[in-house]
Amino acid sequence: MVKLTEGRGKELFRKYGVPVPPGRLTRSAGEAERLTREQEVPLPCVIKAQVLAGGRGKGGAVRFAATPEEAKEAAAAILGQQFQGETVREVLLERRVAIERELYVSFALDRSLRLPILIASRQGGVEIESVADAAIDRQAVEPLPGLVAYERRRAAGTLGLAGPLAADLDRLLQGLYRLFQEEDAELVEINPLAVVDGHLLALDAKVIIEDDAAFRHPEYAELRDDRTPLEEIAREKEIAFVQLDGNIGVIANGAGLTMATLDVLSRFGGRPGVFLDLGGTDDPNKVTEAFLLMSRARPSVVFLNIFGGVTRCDTVARGLVEALKRVPERERFPLVARIRGNNEAEGRAILQSAGVTSLSDLHDSAQAVVEAEKTAAAAGARTA
Amino acid sequence: MVKLTEGRGKELFRKYGVPVPPGRLTRSAGEAERLTREQEVPLPCVIKAQVLAGGRGKGGAVRFAATPEEAKEAAAAILGQQFQGETVREVLLERRVAIERELYVSFALDRSLRLPILIASRQGGVEIESVADAAIDRQAVEPLPGLVAYERRRAAGTLGLAGPLAADLDRLLQGLYRLFQEEDAELVEINPLAVVDGHLLALDAKVIIEDDAAFRHPEYAELRDDRTPLEEIAREKEIAFVQLDGNIGVIANGAGLTMATLDVLSRFGGRPGVFLDLGGTDDPNKVTEAFLLMSRARPSVVFLNIFGGVTRCDTVARGLVEALKRVPERERFPLVARIRGNNEAEGRAILQSAGVTSLSDLHDSAQAVVEAEKTAAAAGARTA
Amino acid sequence: MTVLVDRDTRVLVQGITGHQGTVHTVQMQKFGTRVVAGVTPGKGGTAVEGVPVFDSVAEAVGKTGANVSVIFVPAPFAKDAFVEACDAGIPLAVIVTEHIPFHDMLTMFHYGRLRGTRIIGPNCPGVAAPGKAKAGIIPNVVFRPGRVGVISRSGTLTYEIVSGISEVGLGESTCIGLGGDPVVGTSFTEALPMFEADPETDLLVLVGEIGGTAEEEAAEEIHRHFTKPVVAYIAGGSAPPGKRMGHAGAIIAQGRGTAASKVAALEAAGAAVARFPYEVPTLVAERLRGAGRP
Amino acid sequence: MTVLVDRDTRVLVQGITGHQGTVHTVQMQKFGTRVVAGVTPGKGGTAVEGVPVFDSVAEAVGKTGANVSVIFVPAPFAKDAFVEACDAGIPLAVIVTEHIPFHDMLTMFHYGRLRGTRIIGPNCPGVAAPGKAKAGIIPNVVFRPGRVGVISRSGTLTYEIVSGISEVGLGESTCIGLGGDPVVGTSFTEALPMFEADPETDLLVLVGEIGGTAEEEAAEEIHRHFTKPVVAYIAGGSAPPGKRMGHAGAIIAQGRGTAASKVAALEAAGAAVARFPYEVPTLVAERLRGAGRP
């Protein structure tokens, strides 16, 4: 998925007619000073770190300024900082407004109904998970007519808005729904949606674009999720790659089987460090790449657990054998291979001829992996 | 309805990615020369009168030019001419192309299915009514998915297009369908859709925008159908007004009753000249306006046939009495009034007190109208 | 249930506080209809002619059990008002509003199908069953309870013809004005089976107009499935060629749509076709006698 | 018909000339499935593994009577391919394609409902009934004919579990891999009644995953309407908190979606829940004995 920063989200909001305070993005403290001095951003203003994590307010990533000098100082203090692992490269300068009320609206997907839902709550400005269920209104939106007037009126009622504020909300929701549809969003959220001087303003913007719709939205190619370098390489090769905090490497195919493999390893006390889902492939090169990638993550032991379907056992075996030839001596790792399913016999034979013993039972394999990890850890302790 | 001229239609085509030849609109012959001299329109070019009527080619409203001087002459020859009752105020200058094949596509409404239909025929460049039914392909388009790929492929098959031409058509149809939807069109028609130099080009454009959707399209307010001056006044007052070639004026309410009234008049040999449908109103002023309008059309006799529903009989009577006071002596006309339905007794009494006798039987009333018309004609013949 | 409305009909009026909404609420009440609720957003809690007004259709349905909505909401808002009625589970919506863009009607029609909400209209006089209920705007004065069903694409012409039937001492079971817009929620073809199934209808009068092919399609349905006698009138036989729709319209019609084609199709299906509105009552009486009914 | 496919199933493969389309056509044939047609626009008139290829689904259905479509068409074109199947009257579409945008799937799901076309998938292994037919890509080797039904949101994990059931000498009636995307055409809840009604299924194995609320909803359906024994496994109990969906996702789930909540819901509904995949066959055997089946 592509999470947009607040600033990018607000650019979309403007495009779809969702009102936001006047503001500008910048990557330099000097520019922050200039923008405020030349009143491109009115003072007093707020300076917000453009990172994806929540809780910026408490984390010092949101500051206020009444003068151009203060704006420069605040931007300088925020830019380059680490915030929950993210480096702040950009700040949003925005007119500071007097908030009368804080509300919440979003569009998301209801998986059970298979419909977009409009979520509204009078309690904005706090994490929506912390709001009592009874204080949240959910309305499914039918695709054929789209978001209709009575749904917007009901949302206005939920939010306690009448008169011009209800009219504001009516327009805002139409724009937000169009954004959700036309940009292939998973989520568009305004929290808080503020009442300011008798009008509605989106003070934050959370927009998540669906990865699978990337072919329709080349404009987001630059904005894919921040990932670790290895995760980035994996993404390019279309391998699902997740880093955890253990030291067992897991290569499996399919999300369900990968999760089940972690479950079984946990059962024996194993702590997975990296897991890597080959998905469906019958290209041995992709398997080789996956192993080379794994080796760079320096696992103490690797568990290969494949059930051959689209990804055939012989393909995996061939890719593995090739990888073993190419992994440098110092990056070698103990390996437990379990292969089942399509072309199982061929795969087993290929591995055998390369000196790799493969197992077939999941329980026994997992146990062997954890044993091997303990042995490796003990060896490491000796050599350290 | 709003019929767009070819030039306006092609502007929409460009907006929706439907390919058209390079061209420009102008209202002056001098400008036509300049456009071609400065190669804003490449030569040789075609100069087409921007009128709504068909058959321009045969009517001399389409000319060709190989030089700027010829372009000027052609524009001068066309501009200001009358073409089937329309004055030519604008010409379209367009690059002249070498047509390899002429095809036909359009989107229209299928009233029975309540769906848009895509109509395609390999025989373009002729009136589609003249094409054999078997040579025309019709496909309904479902609203939820919209126009989908297999429908576009089938159209390509119908038109005998393959390879890059089929790809052209695929894009063109998507644009044309979006235009049909987003502009609230009743009809979008490309005839001919030409194969030129291995690509598709829309050589003509017929776009009709629905009147009822005018509230969504203020941009078409200037382009409403050409009407006679009286028709224009009627439109402003929301009175349906049609001029025919007879001399009996008919004022009725409702399209069905109006048509039935014409049927009955015809039965007795009456020839309606103007008919005027009050629609549903309970504003006596609107009725008065209708009568004043009618008086300006100089009918030899007027038949008022009202069945009171939303339009109540007393409202009509009040409006009529007021009109009679205001019609100048020389514009007076013999009147046969027939009123039935809601508030019939009140209406009848009001008319009675103003000296107007009203009937209740349709057959007898129509007969009386035709008699009165004959009497008036005889009187006219005497005075002439 | 006879056809669409009966004594159990509980009418909701969307747009009740508008002029037409109020006027026709009174007329429906005078017809003997139970008008149980009105909806006008922002006017909830008030009342019109003794009818409670609600802010939403869902609330109105929840509190009053309304099962037919008569919609007077202006055209730009009619689609959304109809969707609200659908979502509140209303099975029948009579849309009086005129000038609804047909692109909106396409959405409404298909959404109504999805939700199980039948539409009568738009731009229609609605439904009336004398002695039972009325959902719409047909003048009360034209009716007399009886056993003649009437379906029509027209407004005032329907009143004219119903009135004629009543005046000769016959009367109506149910009359439906389907509306004459390019896209209607219920066509002749779709209305015919209701009258076929209705034990209170002995004969059906069909009032058509030139343009479109609805009458030709009705003739096919009559020929195949309709067993009761039919009397028809098609308005516009003398009208000049219409100004609406160009080539593509003619294509869809495939040569049909003229008065002559409609009359021929209906006569071929066994209907007696009146040349003029005032011939209808006579033909009705004849056909009823022919069918052994008084 | 047992569940979705049987010996009368006539499979059409949309995208048959692609690599996966061709590979799995062969596998379906080896399973004993009648693969009667393929569709690849522009390749009409050719054949793949003896299966005639057509340019359109309508033509394929007309000429071969295909009644199930297995769709391998790439994601950007999958929606339109599915609509083509719907419009040609195919009642069941198994969509193997992965990475279909969920906004497209919303349209497909609701259009399928309108047209009466059930979707299995997308991003799914499909349906297989050993000894009868297969519409999808589950490896043939894992199956053994029997009386255990299997429904799953996973791919390879399904193969793992089915394989385990077959290895202990039991076998499967029908196995459905529903797919794990945010929007699926058929959920556990919607698949359960098919197995309830299937006389060839004695017990159902449900293979779930963390995330979403499909398993909790399935538990409700099991509790209310499902009378056969159920064995379940939920993958991901040890997985770290997922990276997908932010606040609004959590809202929809209303605190559900964890392995613990799913296991608790299923156990409360009477299911035996395995902690690990290899426990499933044992629990199946126990429950079958408990139900008086060998």
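Throughout, protein chains are lettered first and strands after them, A, B, ... in sequence-line order, and every chain is numbered starting at 1.
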Side chain, backbone, both or neither: which part of [X] has an atom under 4.5 Å from a heavy atom of chain D?
X	result
A/Glu344	neither
A/Asp282	side chain
A/Arg338	side chain
A/Leu115	both

Contacts of D/His110 that satisfy side chain to side chain donor-acceptor pair (under 3.5 Å) - sequence neighbours left out: none
Nearest non-hydrogen partners of [X] and [Y], listed with the distance:
X	Y	answer
D/Pro101	A/Phe215	CG-CE2, 3.6 Å
A/Ala260	D/Ala235	N-CB, 4.1 Å
A/Leu109	D/Pro182	CD2-CB, 3.8 Å
D/Pro139	A/Gly308	CG-O, 3.2 Å

Top of A/Pro272, A/Gly309, A/Gly279 for chain D proximity - count of heavy-atom pairs under 4.5 angstrom: A/Gly309
Among A/Val310, A/Thr258, A/Asp361, residue most engaged with chain D (heavy-atom pairs, under 4.5 Å): A/Val310
Contact part of [X] toward chain A, heavy-atom cut-off under 4.5 Å: side chain, backbone, both or neither?
X	answer
D/Ser154	side chain
D/Glu279	neither
D/Ile234	backbone
D/Ile161	neither
D/Phe109	side chain
D/Gln20	side chain

Selection from [options] maximising heavy-atom pairs under 4.5 Å formed with chain A:
options	result
D/Val183, D/Leu106, D/Thr107	D/Leu106
D/Arg153, D/Met105, D/His103	D/His103
D/Val142, D/Val184, D/Ile137	D/Val184

Steps toward salt bridge (charged side-chain N to carboxylate O under 4.0 Å, His left out) verdict (D/Glu216, A/Arg111): CA-CA 13 Å; D/Glu216 285 88 339; A/Arg111 295 177 175 212; over 6 Å; no
Ring geometry between A/Phe180 and D/Phe102 (parallel below 30°, tilted from 30 to 60°, perpendicular above 60°): tilted
Verdict with reasoning, A/Asp263 to D/Tyr233, per side chain to side chain donor-acceptor pair (under 3.5 Å): CA-CA 11 Å; A/Asp263 291 350; D/Tyr233 167 65; 2.7 Å; yes
Within-4.5 Å side-chain heavy-atom neighbours: A/Asn342 and D/Tyr159: no
Crowding at CZ, D/Phe77 (>12 non-hydrogen neighbours, <6.0 Å): no
More than 12 heavy atoms of other groups within 6.0 Å of D/His225 NE2: yes
Intermediate values then yes/no, side chain to side chain contact (heavy atoms under 4.5 Å, CB included), A/His363 and D/Phe276: CA-CA 9 Å; A/His363 173 277; D/Phe276 306 106; over 6 Å; no
Nearest-0.5 Å distance, OG of residue A/Ser365 to OH of residue D/Tyr278: 10.5 Å
Approximate separation, where rounding is to 0.5 Å, of A/Asp212 CG and D/Asp181 CG: 6.5 Å
Presence of salt bridge, A/Arg340 and D/Glu167, under 4.0 angstrom: yes
Test item: D/Thr156 side-chain N/O and A/Asn253 main-chain N/O as donor-acceptor pair under 3.5 Å: yes
A/Leu262 backbone acceptor or donor facing D/Ser238 side chain under 3.5 Å: yes
Audit row: A/Arg216, D/Asp104, salt bridge (charged side-chain N to carboxylate O under 4.0 Å, His left out) steps and yes/no: CA-CA 12 Å; A/Arg216 283 198 284 254; D/Asp104 286 1; 3.0 Å; yes
Test salt bridge (Lys or Arg N to Asp or Glu O under 4.0 Å) applied to A/Glu102 - qualifying residues, sequence neighbours left out: none
